[in-house]
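Values in this document were obtained by computation on a predicted structure and should not be read as measured data.
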Amino acid sequence: MLQPAMDHAAQILKQLRLSQQLIDDLPAECQPNTIADAYAIQDRLAELLGEDVGGWLVGCTNPAIQRQLGLSEPYAARVFASSLFQSPARLRLPGTLRVVLEVEFAFTLSKDLPRREAPYSAVEVASALRSVHPAIEVVLGHYVDWPSKDIYSLIADNGTDGPLVLGPGVRDWQAIDLREIVATLTVNGETARQGDGSKVMEGPLSVMTWLANHNRRAPGLRAGHVVNTGSCTALYSAEHGDIAQADFGPLGSVTVELGTSDRDAR
């Protein structure tokens, strides 16, 4: 894919974010057809937006979904600092965009994991993690029917990122087997989804280790960065006005109210 086509795609995706509008597809001449094209557009989009990076998200961490989408591994995208919220959060969301919730384990880093040639071990990665958090990601794709789009188009759109709401977090987590933690999503008081840490690769820590070794196209992971590790439940299509809570048992809970664009965010 030539640079002018990448620039064109990134410019379109930037304008969609600024206008809070949707598109059916990118024009054929600038649609990504490889993972390299998708990441190149995503990187260029980040340059054009010029926002501070607050961390990273990892998507498609469920092996069955990877096979379905033709991927051999997950994908990564930036979490912009402006998208990070603490629970309980009341979000102001554009009424033009479809809202989908993902229930995720998230980590905050205590020290840098810079790029290097030698791969990081799980032990090294664990030692760089300050805390683990219950999290809800509010996914806001910029295609009319983004769940049906090819994965390369989704990666180009910064992985269909949106607000990430974090619970307080647990620092003394190393003795906890995160694969066995059950997360239950309730919406307006009714149970909507349930899953556990075993649904994301070999557990949330394995996702972090993958990211530390994958992120060689970026300046590595930084102390203070937040990383969410992919949904441990099936996706949930939400409505404006819903109040969602994800309970992670010993890790605590996270709550978000999905206000419309005329509501204040906090």
**Message:** Can you confirm whether or not the ring centre of Y120 sits under 6.0 Å from the ring centre of H214?
**Reply:** no
**Item:** Donor-acceptor contact below 3.5 Å, side chain D242 vs main chain E239
**Value:** yes
**Message:** Looking only at side-chain N and O atoms, does Q194 offer a donor or acceptor that is under 3.5 Å from a partner on T184?
**Reply:** yes
**Message:** Taking T233's backbone N and O only, do any of them form a donor-acceptor pair with S231's side chain (distance below 3.5 Å, no angle check)?
**Reply:** yes
**Prompt:** Under the side-chain contact (heavy atoms from CB on, under 4.5 Å) criterion, do I181 and L251 qualify, and how do the steps go?
**Reply:** CA-CA 8 Å; I181 296 294; L251 299 185; 4.2 Å; yes
**Exam field: side chain S19 to backbone Q15, donor-acceptor pair closer than 3.5 Å** = yes
**Request:** Just do the side-chain hydrogen bond (donor to acceptor under 3.5 Å, both in side chains) check on Q3 and D7 with the steps written out, would you?
**Result:** CA-CA 6 Å; Q3 190 64 46; D7 289 342; 3.0 Å; yes
**Message:** Looking only at side-chain N and O atoms, does Q245 offer a donor or acceptor that is under 3.5 Å from a partner on T255?
**Reply:** yes
**Prompt:** Hey, do the aromatic rings of F248 and F105 have their centres closer than 6.0 Å?
**Reply:** yes
**Prompt:** Does a side chain donor of either H225 or T108 reach within less than 3.5 Å of an acceptor in the other side chain?
**Reply:** no
**Message:** Do D37 and M6 have side chains that approach each other closer than 4.5 Å (heavy atoms only, starting at C-beta)?
**Reply:** yes
**Asked** Can T160 and D157 be counted as having a side-chain donor-acceptor contact under 3.5 angstrom?
**Response** no
**Validation row: F85, L164 side chains within 4.5 angstrom (heavy atoms)** = no
